[in-house]
Number of protein chains: 2
Amino acid sequence: MTVHKPQILDVASELLQKRSFTSFSYKDLSDSLGITKASVHHHFQTKEDLLLALTERYRVRQRTRLGEIDEKNARPVERLDAFLAMMDGLAASGDKICPLGSLQSELNVLPERVRENVDALFETAKDWLVGVLDGGRECGELEFEGSPEDSAVMILSAVQGGLQISRARGRENFLAVSRQIRIAFTNKTKG
Amino acid sequence: MTVHKPQILDVASELLQKRSFTSFSYKDLSDSLGITKASVHHHFQTKEDLLLALTERYRVRQRTRLGEIDEKNARPVERLDAFLAMMDGLAASGDKICPLGSLQSELNVLPERVRENVDALFETAKDWLVGVLDGGRECGELEFEGSPEDSAVMILSAVQGGLQISRARGRENFLAVSRQIRIAFTNKTKG
DNA sequence: GTCTATAGCGGGATAGAC
DNA sequence: GTCTATCCCGCTATAGAC
């Protein structure tokens with residue numbers, strides 16, 4: 001069987017979300033792919049190379065997915081819901097956490113260039129959320145106190161932590177976080 | 001120099017919060033303590049033993065600290081503030097995250113008995129927060145929609161994720177989370 | 001409680017044939 | 001693109017002397 005880079009990244013991504021950067025090995029990859037360690041090294045010489053490629057693919061997919069959310073949902077409140085639904089997909093998986101959360105929790109052991117991609121992932125998510133919140137407040141659909149920046153950081157923190165807690169204690173924990181976010185940012189003056 | 005278990009646990013705790021369970025070694029401990037690896041093994045034969053002792057000490061300290069918060073602060077809103085201030089101490093450290101967050105993000109690679117202690121840590125924190133929120137709602141000092149259980153999970157998620165983001169991107173991120181929590185749960189009908 | 005020494009394994013990584 | 005074979009290192013853990 002012949003294996004290509006995207007397949008290796010698929011397995012690496014799963015291992016990163018289920019375990020952690022430090023705790024998965026070339027042997028884990030090669031076992032799962034049905035090839036040898038040496039073959040994996042042929043595609044990604046070092047673990048840094050592998051993580052660099054993986055985080056760059058995360059960046060591309062992040063842009064794609066946020067773009068799709070914007071395309072399919074015109075209203076800010078729908079965009080926020082779509083974002084939460086996307087993250088709930090991870091909670092529903094049962095044993096995966098947010099890749100960004102996995103990477104950030106091991107930040108001090110990551111190669112520096114990987115860290116830069118991790119930073120960029122967070123920044124992009126934050127900027128997008130700030131846009132959603134800003135737009136929502138402007139059109140009166142979302143209502144919240146404090147700055148959109150603070151609010152975006154709050155939401156991302158809750159989602160990242162919520163997914164970790166959900167894996168440990170069950171999906172209902174992420175659903176609780178989701179409900180609370182919706183409550184906290186949804187217009188209370190209905191009718 | 002003669003070293004005792006608590007000192008080893010101090011170093012282990014620091015390494016757990018700065019790095020991760022998988023990525024610190026007996027050599028890290030022995031270097032930091034000025035003794036050999038074999039000497040560390042004398043105190044904690046296996047890494048599981050070490051983590052077990054560490055998480056049990058976390059449980060004791062958690063009870064102590066939450067108890068102290070209750071002693072020193074009669075009002076629910078003060079208790080919530082004291083809790084957030086305590087967690088901000090980690091954000092202020094610059095390179096430490098919440099131990100519970102570090103452990104939960106590597107949950108799938110932890111020995112099972114350690115996982116039980118991790119569960120207990122979360123449950124205790126949640127129960128305590130539910131009590132604070134319940135009491136605060138009752139006396140009108142805290143005001144929030146949704147169940148106290150959902151709210152407690154939300155707060156713990158935001159704190160855990162917020163500390164990870166803070167380490168990566170700066171303390172102002174945890175302060176933002178802190179502000180937003182205060183806003184979301186504080187009585188808005190002032191005067 | 002500390003040490004030296006070592007076992008035994010698994011990690012990342014490379015060389016070179018097919 | 002895959003393989004076998006191998007290097008070297010660091011890890012967890014143990015034995016036994018002081």
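So that the names make sense, note that chain A is the first sequence line, chain B the second, and so on, each numbered from 1.
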[N], OP1 or OP2 - any side-chain N/O from [X] closer than 4.0 Å?
X: B/His41; N: D/dT14; value: no
X: A/Lys47; N: C/dG12; value: yes
X: A/Thr2; N: D/dG1; value: no
X: B/Tyr26; N: D/dC11; value: no

>> More than 12 heavy atoms of other residues, nucleotides or ligands under 6.0 Å from CZ of A/Arg113: yes or no?
In response: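 Result for CZ/A/Arg113: open.
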>> Measuring from atom CZ of B/Arg19 to atom CG of B/Asp95, what distance do you get when rounded to the nearest 0.5 angstrom?
In response: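 Those atoms lie 10.0 Å apart.
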>> Distance check needed: C/dG10 P versus A/Leu29 CG, whole Å only.
In response: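 Computing the A/Leu29:CG to C/dG10:P distance gives 17 Å.
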>> What's the closest nucleotide to the side chain of A/His43 if the choices are D/dA13, C/dG12, D/dT2?
In response: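 Closest nucleotide among those given: D/dT2.
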For a quick check under 3.5 Å, do [X] and [Y] share a side-chain donor-acceptor pair by atom type?
X: B/Ser105; Y: A/Ser105; result: yes
X: A/Ser20; Y: B/Glu106; result: yes
X: B/Arg182; Y: B/Thr186; result: yes

>> Here's a test of your reading of the structure: between A/Gln45 and A/Lys27, which maps to the more 5' nucleotide of DNA chain C?
In response: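 Nearest nucleotide further toward 5': that of A/Lys27.
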> Residues two or more places apart in sequence or in another chain: which of them pass ring pair (Phe, Tyr, Trp, His ring centres under 6.0 Å) with B/His41?
Replying inline: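 Checked B/His41 against ring pair (Phe, Tyr, Trp, His ring centres under 6.0 Å); matches are B/Tyr26.
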> Do any of residues 48-57 of chain A sit with a heavy atom less than 4.0 Å from DNA chain C, and if so which?
Replying inline: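 Correct list: empty, so none.
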>> Side chains of A/Val153 and A/Ser157, heavy atoms from C-beta outward: is any pair under 4.5 Å?
In response: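 Touching, per the 4.5 Å side-chain cut-off.
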>> Can you confirm if the NZ or CZ of B/Lys47 lies within 45° of the ring axis of B/Phe21 and under 6.0 Å from the centre of its six-membered ring?
In response: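 Checked: cation-pi criterion met.
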Where do N or O atoms of nucleotides 3-5 of chain D meet protein N or O atoms at under 3.5 Å, pair by pair?
residue: D/dC3; atom: OP2; partner: A/Thr36; partner atom: N; Å: 2.6
residue: D/dC3; atom: OP2; partner: A/Thr36; partner atom: OG1; Å: 3.2
residue: D/dC3; atom: OP2; partner: A/Ser39; partner atom: OG; Å: 3.0

>> Could you check whether any side-chain N or O of B/Asn173 sits under 3.5 Å from a backbone N or O of B/Arg169, counting only pairs where one atom can act as donor and the other as acceptor?
In response: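 Confirmed, B/Asn173 side chain pairs with B/Arg169 backbone.
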> Is B/Phe24 touching bases, backbone alone, or none of the nucleic acid, heavy atoms closer than 4.0 Å?
Replying inline: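 B/Phe24: backbone/sugar contact only, no base atoms under 4.0 Å.
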